[in-house]
Amino acid sequence: KMPPPIVVQGTAVSNPHAPPATANAYAAASPAPTNFAGKGETQETRCRDPIFAVLLYANVIAIVAVAFTYGPDAVSSNSSNVEYEGYVIATVISALLSLVFAALGLLVLMAIPETLIKVSLIFVVIMAGVWAALAFLSGSVFAGIMGIIFFAISICYARAVWSRIPFATINLVTACTAIKANWGVVGYAYIFTALAGLWSVAWAVAFVGVYDQTYTCDDVTNQCTDVNYGYLFLLFVAYFFTHQVLQNSIHVTVAGMVGTWWFEPEDASCCCSPSVNNSFLRTITTSFGSICFGSLIVAVIRALQMLANAARANDDGNFLVCIAECILSCLASIVEYFNKWAFIYVGLYGYGYMEAGKNVFTLFRNRGWEAVIADDLINNTLFLISVIMGGIMGSIALIISLVSDLFEDAGGNEKGIAFALGFVIGLVMTSIAMSTIASAVNAIIVLFAEAPAEFQQNYPDLSNRMRQTWSQIYPGSV
């Protein structure tokens, strides 16, 4: 016997994570939610956009082959006698401590979310003012004027979005609750990040190998061969393609976990719950092609941007190259932001990339401005926490340098190197953990727009706070 549809304030909503027959029966028995058009539905389980996954595999194999073929000789010819053992030990210590402080950061975030959002917003305004003041003090009038302009824009923005802070706060609290209940998803985020680190090393070796083979200079005439922009473009595409895939895989894994947490709480209530593992498996199998599709688009744009940058640095371009570089940078940022929301639909419902993109347009047509504001406010807060944790880890690394000899090969600058190493590691490790919260927030914005009934049934306290906050911004909308 099929249970009756869930009703909240007269709106019946089906469960997108239910079996297709049940979901269709709900849809036939009940009208679509009036507060959001284009509701997502769980898709048939099959590999989406598989050709792009094949392209990624070919890309990785090609770079690894080039690295093994040409890399060793090129790297060995540029080797040094620097001892890295102390740095490795300090890095491991800093990384482990960063995991602890990232967890503490999450607890602080849940304890005072609204305060942190306000502080981060004020922090942006203050930094814009500091930029203007320092520019004028250094004698740079143009930079000072630009700083004043950004300072004024920051003040206007802060004033405009201040009333939206409660909405961003409840989204942040809900996201933290989901991540805290399924902490294992952060582990997968670190796995993808570790793979990104290994990929960077392999690509760097391949790059040095190709450079060593293609760029030569004649000792007699002092003539050097021109930069081969064709090889350069392919190398940049290869790097950004894989890097984007790994980064977006974290996003899709978190979205899938949050979807299960939203609709089926019993499967998403512990560190290594089925929601975490199943979402990871979907990410690396059926949804992997869609992730590769969207990532390849960004990779090509970023590669063109880097090519323009290289041409400008090599004096091979003119003012038009600067314009092209600026346009490509803006275009890449737009596509990356679009992908961030498209991959939410990939993770939640298993859409292909193109179908997910259509849902993004529907989302922003209905609630785009609120989504942008909440996303921006929360990202500022998460970045501030990452910087603070980076500062703490830098201080700890500085203490380690004072009480040990791990940095004795730093050439008299062991304190500065220790702090910089600790700061970067703390910043990166905390940012990875915080990125899972950012992804969870975006998934929750989509889910609240599409399926508020299930949220009310499974998490009534959070749902009531969310609905109350939304009603204050738009009376009568929910």
Side-chain angles (χ1 to χ4, degrees), residues 40 43 48-49 52-53 56 171-172 174-176 178-179 182-196 199 240-262 268 275-299 302 332-357 359-360 363-364 371-372 374-376 378-379 382-383 386 428-447:
Q43 302 299 293
R48 308 278 172 176
D49 308 312
F52 295 97
L56 177 77
N171 276 284
L172 183 57
T174 305
C176 289
I179 295 295
N182 301 271
W183 188 248
V185 75
V186 179
Y188 283 121
Y190 283 117
I191 290 175
F192 282 121
T193 304
L195 291 175
W199 169 250
F240 287 116
F241 186 18
T242 304
H243 190 275
Q244 283 284 319
V245 167
L246 293 171
Q247 178 181 326
N248 292 326
S249 293
I250 299 175
H251 197 52
V252 172
T253 301
V254 173
M257 179 277 295
V258 172
T260 304
W261 175 83
W262 189 279
S275 69
V276 175
N277 297 322
N278 292 341
S279 181
F280 171 73
L281 291 176
R282 290 194 301 270
T283 296
I284 62 175
T285 54
T286 56
S287 295
F288 195 63
S290 300
I291 297 172
C292 295
F293 189 174
S295 300
L296 180 59
I297 297 173
V298 175
R302 287 296 184 191
S333 297
I334 292 171
V335 176
E336 285 177 343
Y337 193 81
F338 174 85
N339 279 354
K340 181 164 63 173
W341 293 96
F343 288 137
I344 292 295
Y345 285 93
V346 172
L348 287 175
Y349 305 114
Y351 282 111
Y353 179 72
M354 297 301 292
E355 293 83 359
N359 282 277
V360 173
L363 170 69
F364 277 86
V372 170
D375 181 47
D376 184 60
I378 290 171
N379 281 335
L382 299 180
F383 177 72
S386 298
V428 170
M429 297 294 285
T430 306
S431 295
I432 294 169
M434 295 297 114
S435 71
T436 62
I437 296 176
S439 299
V441 167
N442 292 337
I444 285 164
I445 290 173
V446 171
L447 287 167

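Here the structure is a predicted model, which is why all the values come from computation and not from measurement. One-based numbering along the sequence shown.
- The two residues Arg48 and Gly350 make their nearest non-hydrogen contact at NE-O, 3.3 Å.
- The two residues Ala443 and Ala255 come nearest to each other via the heavy atoms CB-CA, 4.2 Å.
- No side-chain heavy atom of Val276 sits less than 4.5 Å from a side-chain heavy atom of Phe280.
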Side-chain donor-acceptor contacts of residues 287-299 below 3.5 Å, not counting sequence neighbours, with atom names and distances?
| residue | atom | partner | partner atom | Å |
| --- | --- | --- | --- | --- |
| Ser290 | OG | Asp49 | OD2 | 2.9 |
| Ser295 | OG | Asn248 | ND2 | 2.9 |
| Ser295 | OG | Ile291 | O | 2.7 |

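- A heavy-atom distance below 4.5 Å is not found between the side chains of Val258 and Val185.
- Annotation for Ser439 and Ile344: closest pair O-CD1, 3.7 Å, computed over non-hydrogen atoms.
- Between Thr253 and Arg282 the shortest side-chain heavy-atom distance does not fall below 4.5 Å.
- Between Tyr349 and Tyr345, the ring-plane angle classifies as tilted under the 30° and 60° cut-offs.
- Nearest heavy-atom pair across Ala189 and Ile250 is O-CD1, 3.6 Å.
- In this structure, Thr283 OG1 and Phe192 CZ are separated by 6.0 Å, a value rounded to the nearest 0.5 Å.
- Atoms CG and CD, from Asn339 and Gln247 in turn, are 10.0 Å apart once rounded to the nearest 0.5 Å.
- Here the side chains of Trp341 and Asn359 are not in contact, with every heavy-atom distance at 4.5 Å or above.
- Going from atom CD1 of Ile179 over to atom CE of Met257 covers 3.5 Å, rounded to the nearest 0.5 Å.
- Leu382 CG to Ser431 OG: the interatomic distance, rounded to the nearest 0.5 Å, is 9.0 Å.
- Taking every heavy atom of both residues into account, Trp262 and Ile444 meet most closely at CZ3-CG2, 4.0 Å.
- Using cut-offs of 30° and 60° on the angle between ring planes, the pair Phe338 and Tyr353 is perpendicular.
- Across every non-hydrogen atom of Ala438 and Asn379, the tightest pair is CB-OD1, 3.6 Å.
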Can Asn442 and Val254 be said to form a side chain to side chain contact (heavy atoms under 4.5 Å, CB included), step by step? CA-CA 10 Å; Asn442 292 337; Val254 173; over 6 Å; no

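- In this structure, CG on Leu246 lies 8.0 Å from CG on Leu56, to the nearest 0.5 angstrom.
- You'll find the side chain of Ser249 stays beyond 4.5 Å of the side chain of Ile284, heavy atoms only.
- Residue-environment remark: OH (Tyr190) exceeds the threshold of 12 foreign heavy atoms within 6.0 Å.
- Phe241 CZ to Phe52 CZ: the interatomic distance, rounded to the nearest 0.5 Å, is 8.0 Å.
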